[in-house]
Amino acid sequence: MNVMQKMQENLKAEIKQAVLAAELASEAEIPMVILEQPKEKAHGDYATNIAMQLAKVAKKAPRQIAEDIVAQLDKSKASIKSVDIAGPGFINFFMDNQYLSNLIPTILEQDEAYGASNTGKAEKVQVEFVSANPTGDLHLGHARGASVGDALCNILDKAGYEVQREYYINDAGNQINNLALSVQARYMQALGKDFPMPEDGYHGADIIGIGETLVKEHGEALLEKTEEEQQSFFREYGLKIELDKLAKDLAQFRVTFDNWFSETSLYEEHKIVPAIELLKEKGYIYEQDGATWFRTTDFGDDKDRVLIKQDGSYTYLSPDIAYHKNKLDRGFDKLINIWGADHHGYIPRMHAAIQALGYDADTLGVEIIQMVNLFENGERVKMSKRTGKAVTLRELMEEVGIDAMRYFFVMRSADSHLDFDMDLAKSQSNDNPVYYVQYAHARICTMLKQADEKGIDYTDYNASILQSEKAEDLLKKLGEFTQVVADAAENRTPHRITQYIFDLAANLHSFYNAEKVINEDDLDATKARLALMQAVRITLANGMKLIGVQAPTSM
RNA sequence: GUCCCAGUAGCUCAGUAGGAUAGAGCAACAGCCUUCUAAGCUGUGGGUCGCAGGUUCGAAUCCUGCCUGGGACACCA
């Protein structure tokens with residue numbers, strides 16, 4: 001618990017004590033004390049609506065209740081400077097902000113660890129994300145999924161969860177056969193032969209490249225293999241190339257995984273039959289029309305789902321159930337899947353599967369990433385998977401840069417559509433929020449460097465000198481960071497972090513324009529401000545790290 | 001037709017598990033560089049929170065109906 005949280009807990013305890021002392025309610029009747037931070041500064045640092053909540057129990061007017069509570073408060077004990085009663089019965093607290101100066105030593109000492117908490121209680125969480133089919137390049141939607149997933153993992157980790165990042169490789173279904181056929185066609189075409197692409201083939205340029213590489217490496221030799229051998233060869237070869245490329249692109253995008261899980265392994269290790277058998281034992285399986293059905297309607301799904309088709313093959317749901325059973329068997333307390341919007345219809349049946357396997361529905365949380373629309377020159381760039389003309393992750397990294405992408409993709413809440421403005425992302429101007437935040441960090445670095453060059457050592461700073469309004473705003477903002485990270489983790493809202501660092505950067509710029517940090521005529525104040533700057537720098541850097549954005553020392 | 005997500009300033013979006021006069025950024029307008037980076041700061045204007053009911057001390061937030069946009073509704077993956 002950091003300084004800020006400790007102070008809030010003190011305040012809550014003191015309010016509760018006052019309610020009891022005023023005999024307004026019994027211990028059991030007191031609702032949870034909620035402190036909020038008012039938007040208006042005039043409403044204090046914190047406010048509580050407890051008087052309104054108690055109106056029914058105490059059978060008194062809220063304002064009267066508020067006065068009774070205030071009369072019983074021990075101000076000094078809870079570091080309260082003054083108290084107001086306002087509006088319908090809000091109690092506004094103005095805090096003695098002396099405590100804020102304790103923040104700086106805390107932040108400087110914790111450094112890269114600042115913002116960490118044990119909110120997650122070391123719960124084991126697995127996050128599965130991206131999981132794009134290894135049949136082509138990653139595109140815009142995957143990039144958003146990767147950004148959000150990675151940021152969420154970082155945030156969960158910071159908030160005290162034990163996180164594993166996993167990529168599920170869809171290497172077993174039809175799409176891989178199509179990949180093999182597509183590679184074959186491109187190989188034949190590279191040999192100059194007239195060979196048709198399969199109907200559902202992958203038309204991406206990358207596959208053409210694979211065909212050309214194969215010709216370089218093998219010439220016509222592959223033609224001597226049997227058709228079956230060729231299929232198997234093209235399949236393995238294509239898969240390996242595609243996977244290597246995915247991993248490489250993602251790594252460049254600063255996204256890595258702890259585990260790459262192969263769907264095929266579920267077949268090879270015979271995991272699917274036992275999973276279905278388990279559901280059968282529990283009575284959720286029935287046969288009809290020659291197919292095997294899973295009664296997902298028992299768990300609120302619209303209709304039951306087929307697991308084994310008439311022809312004896314599995315639907316996609318079967319390996320998916322086996323996969324999730326496998327995840328749960330690995331001992332995770334919580335599973336999080338990050339899916340594209342086009343998969344949201346799958347959520348009810350996966351929740352059904354989780355429950356049928358004997359777990360609470362909320363053991364699995366599914367985050368839906370809404371679509372990304374790309375805009376360039378004010379116009380929407382149309383994308384088509386068919387023609388392979390979709391904008392790829394790699395192209396975008398080259399064109400707009402990784403920092404801007406990472407920032408933009410988590411900037412909005414994941415479940416709302418995102419308009420990605422290429423021109424804005426590319427622009428090196430104050431319109432671009434990434435630069436705004438990075439610039440704040442770079443500015444501080446410059447100041448710290450200059451102080452260093454002037455031989456100013458601020459290790460013996462006295463933070464309590466920092467009394468200006470701007471300095472206090474900065475300190476308050478700094479103090480919120482740990483709680484913001486914890487909230488972002490619990491609500492799975494990485495965009496909170498971008499909002500936070502943007503606000504913190506704004507406070508920094510505002511401070512910078514109001515006060516000159518280095519003033520050799522007033523060394524005490526200079527030292528205190530330098531320590532403050534270092535604390536802001538650390539917090540900004542930690543925040544940026546959570547969303548995968550670099551913190552430049554100069555710009 | 002059924003289900004999911006969204007609808008908040010001219011544009012792009014926040015809105016902290018029901019709270020006070022609904023907030024940012026961009027765009028518009030007016031100012032600030034002999035001083036640590038102007039990629040910055042300060043100020044002004046801008047709203048029927050899609051529409052209509054309901055719940056209560058109090059609703060952008062919860063409930064019902066409707067309108068609009070997007071997505072999903074396979075024994076595809």
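Basis for what follows: all heavy atoms, side chains included, without hydrogens, waters or symmetry-related copies.
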Q: Do A:T526 and A:E520 pair up side chain to side chain, a donor and an acceptor below 3.5 Å, judged on atom types alone?
A: no
Q: If you check the A:N49 side chain, which of B:A39, B:C75, B:G19 turns out closest?
A: B:G19
Q: Is any side-chain nitrogen or oxygen of A:S510 closer than 4.0 Å to OP1 or OP2 of B:U42?
A: yes
Q: Is it the case that A:R443 places NZ or CZ above or below the six-membered ring of A:Y512, under 6.0 angstrom from the centre and within 45 degrees of the axis?
A: yes
Q: Give the rounded distance in Å between these two atoms: CE of A:M555 and P of B:C36.
A: 18 Å
Q: Which value, in whole Å, describes the distance between the P atoms of nucleotides B:C49 and B:U21?
A: 14 Å
Q: For a quick check of understanding: with a heavy-atom distance under 4.0 Å over all strands, which category does A:H344 fall into, base, sugar-phosphate or nothing?
A: base
Q: Which part of the nucleic acid does A:N92 contact within heavy-atom distance under 4.0 Å: base, sugar-phosphate only, or nothing?
A: base
Q: Check whether any side-chain nitrogen or oxygen of A:Y46 sits under 4.0 Å from OP1 or OP2 of B:U16, and answer yes or no.
A: no
Q: When we call it a touch if two heavy atoms are under 4.0 Å apart, what does A:K449 touch: a base, just sugar-phosphate, or nothing?
A: nothing
Q: What's the gap between B:C29 and B:A38 when it is taken at their P atoms, as a whole Å value?
A: 24 Å
Q: Please report the distance separating the C1' of B:G18 from the corresponding atom of B:C3, rounded so that it comes out in whole Å.
A: 28 Å
Q: Should A:N491 and A:T493 be marked as a side-chain hydrogen bond (donor to acceptor under 3.5 Å, both in side chains) after you check the CA-CA gap, both sets of side-chain angles, and the distance that decides it?
A: CA-CA 5 Å; A:N491 301 319; A:T493 48; 4.8 Å; no
Q: Under 4.0 Å, counting only non-hydrogen atoms across every strand here, what does A:Q310 touch: a base, just sugar-phosphate, or nothing?
A: base
Q: Side chains of A:Q499 and A:D503 only: does a donor on one sit below 3.5 Å from an acceptor on the other?
A: no
Q: Provide, to the nearest angstrom, the distance between the CD atom belonging to A:Q53 and the P atom belonging to B:U56.
A: 17 Å
Q: Any idea which of B:C36, B:G70, B:A77 is nearest the A:M371 side chain?
A: B:G70
Q: Within the 4.0 Å heavy-atom criterion, would you say A:S413 contacts the bases, only the backbone, or no part of the nucleic acid?
A: sugar-phosphate
Q: Give me the ring orientation class for A:Y168 and A:Y323: parallel if the planes are under 30° apart, tilted from 30 to 60°, perpendicular past 60°.
A: parallel
Q: Once you round it to whole Å, what is the distance between P of B:A38 and CZ of A:F511?
A: 15 Å
Q: Between the base of B:A20 and the ring of A:F90 - centre-to-centre under 5.5 Å, planes within under 30° - is that a stack?
A: yes
Q: Defining pairs by Watson-Crick or G-U wobble geometry with both distances under 3.5 Å, how would you list the stems of RNA chain B with at least three pairs each?
A: B:1-7 with B:67-73, B:10-13 with B:23-26, B:28-32 with B:40-44, B:50-54 with B:62-66
Q: Just checking A:A451: base, sugar-phosphate only, or nothing, at a heavy-atom cut-off of under 4.0 Å?
A: nothing
Q: Have a look at A:E515 and say if it touches a base, only the backbone sugar-phosphate, or nothing, with a 4.0 Å heavy-atom cut-off.
A: base
Q: Assess, by modelled atom type and distance only, whether the side chains of A:H343 and A:N337 contain a donor and an acceptor separated by less than 3.5 Å.
A: no
Q: Can you tell me how the ring of A:Y316 sits relative to the ring of A:Y346, calling it parallel under 30°, perpendicular over 60° and tilted otherwise?
A: perpendicular
Q: Please report the distance separating the P of B:C67 from the corresponding atom of B:U12, rounded so that it comes out in whole Å.
A: 24 Å
Q: Atom pairs under 3.5 Å, N or O on each side, protein against nucleotides 5-12 of chain B: can you list them with distances?
A:
unit_1, atom_1, unit_2, atom_2, d
B:C5, O2', A:D415, O, 3.0
B:U12, O3', A:D419, OD2, 3.4
B:U12, O2', A:R412, NH2, 3.3

Q: Could A:K327 and A:E128 be called an ion pair, given the rule that one side-chain N must be under 4.0 Å from one carboxylate O?
A: yes
Q: Using whole Å, what does the distance between atom C1' of nucleotide B:C76 and atom CG of A:N177 come to?
A: 13 Å
Q: Distance between the P atoms of B:G65 and B:G70, in whole angstroms?
A: 23 Å
Q: Quick one: on RNA chain B, does A:K303 or A:Y512 contact a more 5' nucleotide (nearest heavy atom)?
A: A:Y512
Q: Checking all strands, does A:A442 fall into the base, sugar-phosphate, or nothing category for heavy-atom contacts under 4.0 angstrom?
A: base
Q: So that I know where these two stand, are A:F420 and A:F409 an aromatic pair - ring centroids less than 6.0 Å apart?
A: yes
Q: Are any of the side-chain heavy atoms of A:Q370 and A:S416 separated by less than 4.5 Å?
A: no
Q: For A:A341, which contact category applies under a 4.0 Å heavy-atom criterion: base, sugar-phosphate, or nothing?
A: sugar-phosphate
Q: Can you tell me which nucleotide in B:G19, B:C36, B:A38 comes closest to the side chain of A:R443?
A: B:A38
Q: Once you round it to whole Å, what is the distance between P of B:G15 and CE of A:M411?
A: 14 Å
Q: Measure distances between side-chain N and O atoms of A:Y346 and base N and O atoms of B:A77, and say whether any donor-acceptor pair falls under 3.5 Å.
A: yes
Q: How far does the P atom of B:C51 sit from the matching atom of B:G45, given to the nearest Å?
A: 24 Å
Q: Mind telling me whether B:A17 is syn or anti, cutoff 90° either side of 0?
A: syn
Q: Hey, are A:R305 and A:D301 close enough for a salt bridge, meaning a charged N less than 4.0 Å from a carboxylate O?
A: yes
Q: Do the side-chain N and O atoms of A:D473 and A:N507 include a donor-acceptor pair separated by under 3.5 angstrom?
A: no
Q: Say we look at B:A74 and B:U2: how far apart would their P atoms be, to the nearest angstrom?
A: 16 Å
Q: Say we look at B:G50 and B:U61: how far apart would their C1' atoms be, to the nearest angstrom?
A: 15 Å
Q: Could you tell me whether A:Y284 and A:F299 have their ring centroids closer than 6.0 angstrom?
A: yes
Q: Is B:C33 syn or anti, taking syn as a glycosidic angle within 90° of 0?
A: syn
Q: May I ask you to evaluate whether A:K470 reaches the phosphate of B:C41, defined as a side-chain N or O under 4.0 Å from OP1 or OP2?
A: no
Q: By the 4.0 Å heavy-atom rule, please label A:R496 as base, sugar-phosphate, or nothing.
A: sugar-phosphate
Q: Heavy atoms only, 4.0 Å cut-off, all strands: where does A:D421 land among base, sugar-phosphate and nothing?
A: nothing
Q: So, does A:H417 use its side chain to make a donor-acceptor pair with the main chain of A:V372 at under 3.5 Å?
A: no
Q: Would you mind reading off the distance between A:E367 atom CD and B:C4 atom P, rounded to a whole angstrom?
A: 17 Å
Q: Between P on B:U35 and CG on A:D522, what's the gap in Å once rounded to a whole number?
A: 21 Å
Q: Identify, between A:F502 and A:T446, the residue whose nearest nucleotide on RNA chain B lies closer to the 5' end.
A: A:F502
Q: How close or far is atom P of B:G69 from atom CG of A:N373, stated in whole angstroms?
A: 16 Å
Q: Donor-acceptor pair under 3.5 Å: do we get one between A:D342's side chain and the base of B:G71?
A: no
Q: Just call it for A:H343: base, sugar-phosphate, or nothing, with non-hydrogen atoms closer than 4.0 Å on any strand.
A: base
